[in-house]
Amino acid sequence: MMRFAFVRRLAFPQRPLVPQRRSRFGAVWPGALRAARRGLAPLVALMLLSIGPAAAQSMQFLGPPTAPPALGPFATPPGAARPAFQPPGGAPAPAPSGREPHAMLPPAPPGKAALGVYARFGAEGSAIPRGLVWRVFADVPEATGAFPLVAESSEAAPVFFLNPGGYIIHVSYGFATTAQRVQMGPVSRRQSFDLAAGALRLAADVSDKPIPAQQLTFDIFEGSFLQGRTSSQPYYRGAGAGEVVLLPEGTYHVVSTYGDANAVVRADVMVSPGKLTDATVHHRAAQISLKLVRVAGGEAQADTQWTVITPGGDTIKESIGAFPTFILSEGDYTAIARKDGKNFSRDIKVEAGKNQEVEVLAK
C-alpha cells in the first residue's frame, strides 16, 4: 500500500546556507541544460565528458536553529530535538558578507591576465562562501574532442591567471552547475556566476515519533507528482535522513521508504535559492514481529518460511526464520507460516505506530 503526502510551496522553514565543509562533485546535466540555453551546448557536452560522471554526494551546512511552526497534516519540519549543525570546534558560523569579492585583483604575471570569479545564490543572492568546485577549460577541443582542463580550484572566489584567448568556466555546487564562455584579453577582469541553488534535508516520523535514520531512505526526483510531471529516474537515489543535499532551485518529488517492504510515502517539496529546506514526511506504518508457536506464548519455531500477503493475494514480504520482523504500511494482511510441509496462517491488522508481536499457532 502506498501513501501520498503532498507538501505545498513554502511549507517549511528555510535557512540561509552556510557550508561546513567542501565536497567535490562531478558535473551534472542540469547545468548543461542551462548552458545550452546560452548556446554552449556542444562545448559543455564534451566538457562534461572530459570531467567524468557525477558523484552522488551531499554536503553538511551550518545554520541557526529555527522554531518549527505548526503546519498541515502532511509534512512538518523536524522537531526541536534534532541537533543543529555546528562548525568544527564549536566556532560560530561565518556570516555571509554583502561585499562582492575581487574588488581589487592581484597583478598578473607578464603575458597573462587575472580572472577573478565568484558565484552567487541567483542574480540577487549573496555570494556563496564555500563548497564550490571551479574548472577552467580551453574553448577549443583537442584532436580527441576533449576540452583541455587549464585550471581548477575549490576556493570560494579564486583568481586564475590566464593567457589571452577563449575559455569555458564551469562551476558546481552540489548538483547545481553552470558554465560560461569567457574571452580573455590583456586586461584583468572579474566574472560572477549565478547558481540558483538551495538544499534539502529530509526526515520522517510515525505517530509523531521520529523514525531512526537507519530505517529510512529517500529518493529525490525532479518535478512534481501532484502536477503529473516527475522524472522517471531519481535525481538522487538513497538519500539518508538528516543528510543535506544541494539541489538547483525548483520542485522535487520525494519518495520516502520506511523499512524494506511497502511503507512508502510520496511528497512534493520546493527548494529555494540560498535556503535550507527542512521537511518531515509522515508515515502510517508499524513494525510487526511474527513467530510460529505450538501453543499460545510458546517458543518460536526455527526454520519457518514466512509470507505476508494482502487480502487480494499480493505478496508483500517473504522471510525464513524463527522471529522475522517486518515494517508494514497500515492495513489488513495475512501471515502464512510454512513448517514441515504444512501451512499455518493468521490474519493481522496493522495500525500506524502500533508495533505488534503476532503469534501464529501451528494447528
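Please read these numbers as outputs of a predicted model, since none were measured by experiment.
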Is it possible for you to say whether [X] and [Y] belong to one hydrophobic cluster, with membership spreading through side-chain heavy-atom contacts below 4.5 Å?
{"X": "Tyr333", "Y": "Ile309", "result": "no"}
{"X": "Ile169", "Y": "Leu195", "result": "yes"}
{"X": "Trp306", "Y": "Ile348", "result": "yes"}
{"X": "Tyr118", "Y": "Leu162", "result": "no"}
{"X": "Phe193", "Y": "Val150", "result": "yes"}

**Report entry** side chain to side chain contact (heavy atoms under 4.5 Å, CB included) between Tyr167 and Asp139, intermediate numbers included
**Finding:** CA-CA 5 Å; Tyr167 298 90; Asp139 67 351; 5.8 Å; no
Any idea which heavy atoms bring [X] and [Y] closest together, and the distance?
{"X": "Gly353", "Y": "Val206", "result": "N-CG2, 3.7 Å"}
{"X": "Glu142", "Y": "Pro148", "result": "CG-CG, 3.4 Å"}
{"X": "Val350", "Y": "Leu328", "result": "CG1-O, 3.6 Å"}
{"X": "Ala156", "Y": "Pro129", "result": "CB-O, 2.9 Å"}

Query raised in the report: So among Thr280, Leu216, Asp219, which one has a side chain to side chain contact (heavy atoms under 4.5 Å, CB included) with Ser256?
Result: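 Testing Ser256 for a side chain to side chain contact (heavy atoms under 4.5 Å, CB included) against Thr280, Leu216, Asp219 leaves exactly one candidate, Leu216.
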Query raised in the report: Side chains of His282 and Asp205: donor-acceptor distance under 3.5 Å anywhere?
Result: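 There is such a pair between these side chains.
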What distance separates [X] [atom1] from [Y] [atom2], expressed to the nearest 0.5 Å?
{"X": "Phe161", "Y": "Ser188", "atom1": "CZ", "atom2": "OG", "result": "7.5 Å"}
{"X": "Leu246", "Y": "Phe175", "atom1": "CG", "atom2": "CZ", "result": "8.5 Å"}
{"X": "Phe344", "Y": "Leu292", "atom1": "CZ", "atom2": "CG", "result": "6.0 Å"}

Report task. Using ring-ring contact (aromatic ring centres under 6.0 Å, His included) as the criterion, list what pairs up with Phe218, not counting sequence neighbours. Result ->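 Once residues adjacent in sequence are excluded, Phe218 has no partner under the ring-ring contact (aromatic ring centres under 6.0 Å, His included) criterion.
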Report task. State which residues pass ring-ring contact (aromatic ring centres under 6.0 Å, His included) with Tyr252; sequence neighbours excluded, sorted by chain then number. Result ->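 Tyr252: ring-ring contact (aromatic ring centres under 6.0 Å, His included) contacts with Tyr235.
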Query raised in the report: For Glu299, which residues count as a salt bridge (charged side-chain N to carboxylate O under 4.0 Å, His left out) partner, sequence neighbours excluded?
Result: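 Expected list: none.
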Report task. Mind checking salt bridge (charged side-chain N to carboxylate O under 4.0 Å, His left out) for Glu351 and listing every partner two or more places apart, or none if nothing turns up? Result ->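 Salt bridge (charged side-chain N to carboxylate O under 4.0 Å, His left out) check on Glu351 returns Lys354.
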If you define the side chain from C-beta out and look only at heavy atoms, does anything of [X] sit under 4.5 Å from [Y]?
{"X": "Gln215", "Y": "Tyr258", "result": "yes"}
{"X": "His283", "Y": "Ile327", "result": "no"}
{"X": "Ile220", "Y": "Leu202", "result": "yes"}
{"X": "Phe147", "Y": "His170", "result": "no"}
{"X": "Asp347", "Y": "Asp332", "result": "no"}
{"X": "Thr325", "Y": "Gln287", "result": "yes"}
{"X": "Tyr173", "Y": "Leu132", "result": "yes"}
{"X": "Met184", "Y": "Leu115", "result": "yes"}

Donor-acceptor pair, side chain of [X] and main chain of [Y], under 3.5 angstrom:
{"X": "Arg190", "Y": "Pro101", "answer": "yes"}
{"X": "Arg189", "Y": "Gln183", "answer": "yes"}
{"X": "Ser224", "Y": "Leu226", "answer": "yes"}
{"X": "Gln356", "Y": "Lys349", "answer": "yes"}

**Report entry** Between Trp134 and Phe160, ring centroids under 6.0 Å
**Finding:**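 No, ring centres 6.0 Å or more apart.
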Could you work out, with side-chain hydrogen bond (donor to acceptor under 3.5 Å, both in side chains) as the rule, every residue matching [X], not counting sequence neighbours?
{"X": "Asn355", "result": "none"}
{"X": "Gln214", "result": "none"}
{"X": "Ser231", "result": "none"}
{"X": "Ser345", "result": "none"}

For residues 102-110, which side-chain N or O atoms pair as donor and acceptor with protein atoms under 3.5 Å away, sequence neighbours left out?
residue, atom, partner, partner atom, Å
His102, NE2, Val117, N, 3.3
His102, NE2, Val117, O, 3.0
His102, NE2, Ala157, O, 3.2
His102, NE2, Pro158, O, 3.4

Query - Derivation and outcome, side chain to side chain contact (heavy atoms under 4.5 Å, CB included), residues Glu357 and Phe323 - result: CA-CA 9 Å; Glu357 181 180 297; Phe323 204 74; 3.3 Å; yes
Query - Residue from Thr307, Asp260, Asn262 passing side-chain hydrogen bond (donor to acceptor under 3.5 Å, both in side chains) with Lys317 - result: Asp260
Query raised in the report: Tell me the salt bridge (charged side-chain N to carboxylate O under 4.0 Å, His left out) pairs involving residues 109-121, sequence neighbours left out?
Result: Glu100-Arg120, Arg120-Asp194
Report task. Scan residues 334-343 for pairs that pass salt bridge (charged side-chain N to carboxylate O under 4.0 Å, His left out), counting only residues two or more places apart or in two chains. Result -> none
Query raised in the report: So which residues get pulled into Val295's cluster when ILVMFWY side chains under 4.5 Å apart are joined, directly or through others?
Result: none
